[in-house]
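One structure below.
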Amino acid sequence: MQTVDTLIHARWVIPVAPRGVVLDNHSVAIDGDKIIALLPTSEAKGRYSARHEHQLAEHALIPGLVNLHGHSAMTLLRGLADDLALMDWLNHHIWPAEKRHLSDEFVFDGTCLAMAEMLRSGTTTVNDMYFFHDAVARAGLTARMRTVVGASILEFPTAYGVDAEDYLSKAISSRDRFIGEPLVTFTLAPHAPYTVSDATFRRVVTLAEQLELGVHCHIHETEEEIAGSLKEHGRRPLQRLHELGLLTPNLIAAHMVHTTPEEIELLARQGVTIAHNPASNMKLASGIAQIQAMRDADIAVGIGTDGAASNNKLDMFAEMRLAAFLGKVGGNPKALPAAEVLEMATLGGARALGMADQIGSITPGKQADLAAVDLSALETQPCYDPISHLVYAAGREQVSDVWVAGKALLQSRELTTLNQRELVAKARWWGERVAKA
Ligand SMILES: CSC[C@H]1O[C@@H](n2cnc3c(O)ncnc32)[C@H](O)[C@@H]1O
Ligand SMILES: [Zn+2]
């Protein structure tokens, strides 16, 4: 008998790679931060003894979900401005509120609140993009959630920086302070083609190459963005970014709602990856991204929630369902089937982040980032196909347990690293200040 840290016995294990596989009555053995074995429960019980053993008799065990595009701290601005188009929402509501209220403390508290919500929804990795990068990283370390800190860069002053040089230097020093933290990594996050100059994009390309950092940017989110670029630059944003050298496999393009067939070919040729944000794209009336066409072109696509002020949930189960449904509204019911959508929400995100060797599937040798979903609820009975239920029927409240790097962060729906009561009290406190101003 080999002693390991944790043994999880599940009714179903859905490893995600290979796509669509459901393993009945299987177990996952974890030692330290890694998955060391995936095997039938009958064999696991004879081969391993464990310090922590979990019987998940009616659960599906899946890789932790990867939220490929978020602005975590915007939980504290949720519900402040709804039913608006993107630029009206940003210019007249969100940017003024961010200018008035953002601080290191606001971003730390808002990000912890978001992480609590995400962990309770089975999300184990967030690819964030916001201001006060140290606060985001500290929240990730506090929650022990896998965090990719998108160090935002734009041209105009905010509560965090004065100009592009200032944001860039803050990005680099934040990244230097957290080097060596296994759960925290950085990307450079130029906000969007309409807020970042050619010169700054060129600096981002050079720095990303020098420091081996990914790049995360909102691109082709609205028709207005494209019209503005044609007027100002004489070309569509994607063409402009291509000429500036941005289009590489290191780029995560968030939204990419409006694309021509030639642009999909270009994205595929350049190896750009996409963060699909179905709820935010619908709520801001931005449009429907051509995800099936992108998948047909072999583009890596992951799924994101965007911020809680434009979604208004941080619920990857809701996003999976919407992604599958939006895939079909063009008339093809076979577009984006459940198994492919689950793959997008896990391995697709991991691929986009360049982390597919570490996370995104239940594979021995990878990090033990896992979520257990209790399918015994009446809403998910009977169960012919757990992948169908995960995408089409289950809700985030059915997530019972979550592990990141082998550590249990949610146990029977109780958070272990974050204090739920404190988070609620702080959210109320911030809410009163925001409502007053
Ligand atoms: C530069 S960091 C984040 C910056 O982006 C704003 N934001 C939030 N959601 C969106 C979106 O869908 N498109 C563009 N910008 C967005 C957020 O409020 C911050 O100012
Ligand atoms: Zn966004």
Side-chain angles (χ1 to χ4, degrees), residues 67-82 84-103 106-107 110-111 114 126-133 135-136 148-164 166-168 170-171 174 186-196 200-201 204 215-226 228-229 237 252-258 274-287 289 302-314 319 434:
N67 184 347
L68 194 60
H69 177 68
H71 311 281
S72 294
M74 294 184 83
T75 45
L76 294 177
L77 301 176
R78 179 175 3 225
L80 190 66
D82 295 316
L84 297 163
L86 175 69
M87 292 317 295
D88 187 8
W89 178 75
L90 283 175
N91 282 322
H92 303 122
H93 302 272
I94 295 300
W95 281 340
E98 287 179 336
K99 184 129 202 188
R100 263 198 305 275
H101 298 293
L102 290 199
S103 62
F106 181 103
V107 172
T111 306
V126 61
N127 184 36
D128 203 65
M129 178 201 279
Y130 214 55
F131 306 102
F132 294 92
H133 317 139
V136 178
V148 182
V149 183
S152 57
I153 298 151
L154 22 72
E155 305 291 339
F156 56 81
T158 63
Y160 186 54
V162 290
D163 57 19
D166 189 28
Y167 295 108
L168 276 164
K170 285 180 166 138
S174 276
F186 278 73
T187 64
L188 295 177
H191 170 256
Y194 53 91
T195 49
V196 177
T200 301
F201 273 126
V204 167
V215 178
H216 179 189
C217 184
H218 296 100
I219 307 175
H220 282 210
E221 185 172 359
T222 63
E223 274 172 342
E224 194 182 349
E225 171 188 337
I226 295 172
S229 175
I252 298 173
H255 298 285
M256 200 50 76
V257 173
H258 301 279
I274 307 297
H276 178 38
N277 303 278
S280 174
N281 292 343
M282 291 167 81
K283 183 162 180 278
L284 296 169
S286 302
I303 297 180
T305 57
D306 214 350
S310 67
N311 184 303
N312 295 359
K313 297 177 172 189
L314 304 180
E319 298 302 319
V434 172

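Note that these values count all heavy atoms, side chains included, but never hydrogens, waters or copies made by symmetry. Remember, it's 1-based here, ligands and their atoms both numbered in the order they're listed. All residue numbers in this chain count up from 1 along the given sequence.
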I need the [X] [atom1] to [Y] [atom2] distance, nearest 0.5 Å.
| X | Y | atom1 | atom2 | answer |
| --- | --- | --- | --- | --- |
| His258 | Met256 | NE2 | CE | 11.0 Å |
| His216 | Ser152 | NE2 | OG | 11.0 Å |
| Asn311 | Thr305 | CG | OG1 | 5.5 Å |

Using a 4.0 Å heavy-atom cut-off, which part of [X] comes near ligand 1: side chain, backbone, both, or neither?
| X | value |
| --- | --- |
| Asn277 | neither |
| Ile153 | neither |
| Tyr167 | neither |
| Thr158 | neither |

With nothing but distance in play, are any N or O atoms of [X] less than 3.5 Å from an N or O of ligand 1?
| X | answer |
| --- | --- |
| Ser280 | no |
| Tyr130 | no |
| Trp89 | no |
| Ser152 | no |
| Glu221 | yes |

Looking from the Zn ion (ligand 2), what is the angle between NE2 on His71 and NE2 on His218, to the nearest 10°?
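Vertex at the Zn ion (ligand 2): approximately 100°.
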
Ligand-residue contact atoms, ligand 1 with [X], heavy atoms, under 4.0 Å:
| X | result |
| --- | --- |
| Met74 | 8 (C), 17 (C), 18 (O) |
| Asp306 | 9 (N), 11 (C), 12 (O) |
| Ile94 | 18 (O) |
| Met129 | 2 (S), 3 (C) |
| Trp95 | 20 (O) |

Provide the closest heavy-atom pair for [X] versus [Y] in the form atom of the first, atom of the second, distance.
| X | Y | answer |
| --- | --- | --- |
| Leu188 | Val204 | CD1-O, 3.8 Å |
| His133 | Tyr167 | CE1-O, 4.3 Å |
| Phe106 | Ala73 | CE2-O, 3.9 Å |
| Leu314 | Thr75 | CD1-CG2, 3.7 Å |

Derivation of the side chain to side chain donor-acceptor pair (under 3.5 Å) call for Thr158 and Glu98
CA-CA 8 Å; Thr158 63; Glu98 287 179 336; over 6 Å; no

Heavy atoms only: which of Met87, Glu98, His255 is nearest to atom 19 (C) of ligand 1?
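Among Met87, Glu98, His255, the closest heavy atom to atom 19 (C) of ligand 1 comes from Glu98.
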
Would Ser72 and Asp128 count as having a side-chain donor-acceptor pair, cut-off 3.5 Å?
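There is such a pair between these side chains.
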
Just need the protein heavy atom nearest to [atom], so name the residue and atom and give the distance.
| atom | answer |
| --- | --- |
| atom 3 (C) of ligand 1 | His71 ND1, 3.6 Å |
| atom 10 (C) of ligand 1 | His218 NE2, 3.6 Å |
| atom 4 (C) of ligand 1 | His191 CD2, 3.6 Å |

Below 2.8 Å, can you find an N, O or S atom of Asp306 next to the Zn ion (ligand 2)?
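Given the 2.8 Å cut-off, Asp306 counts as a ligand of the Zn ion (ligand 2).
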
So for Tyr160, does at least one of its heavy atoms come nearer than 4.0 angstrom to any atom of ligand 1?
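No heavy atom of Tyr160 comes that close to ligand 1.
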
Taking C-beta and beyond as the side chain, do Leu77 and His93 meet within less than 4.5 Å on heavy atoms?
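Answer no - side chains too far apart.
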
Is there side-chain contact between Asn281 and His255, with at least one heavy-atom pair below 4.5 Å?
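A side-chain contact under 4.5 Å exists here.
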
Using the rule given for side chain to side chain donor-acceptor pair (under 3.5 Å), can you reason through Asp306 versus His71, listing the C-alpha separation, both sets of side-chain angles and the distance that settles it, and then say yes or no?
CA-CA 6 Å; Asp306 214 350; His71 311 281; 3.0 Å; yes

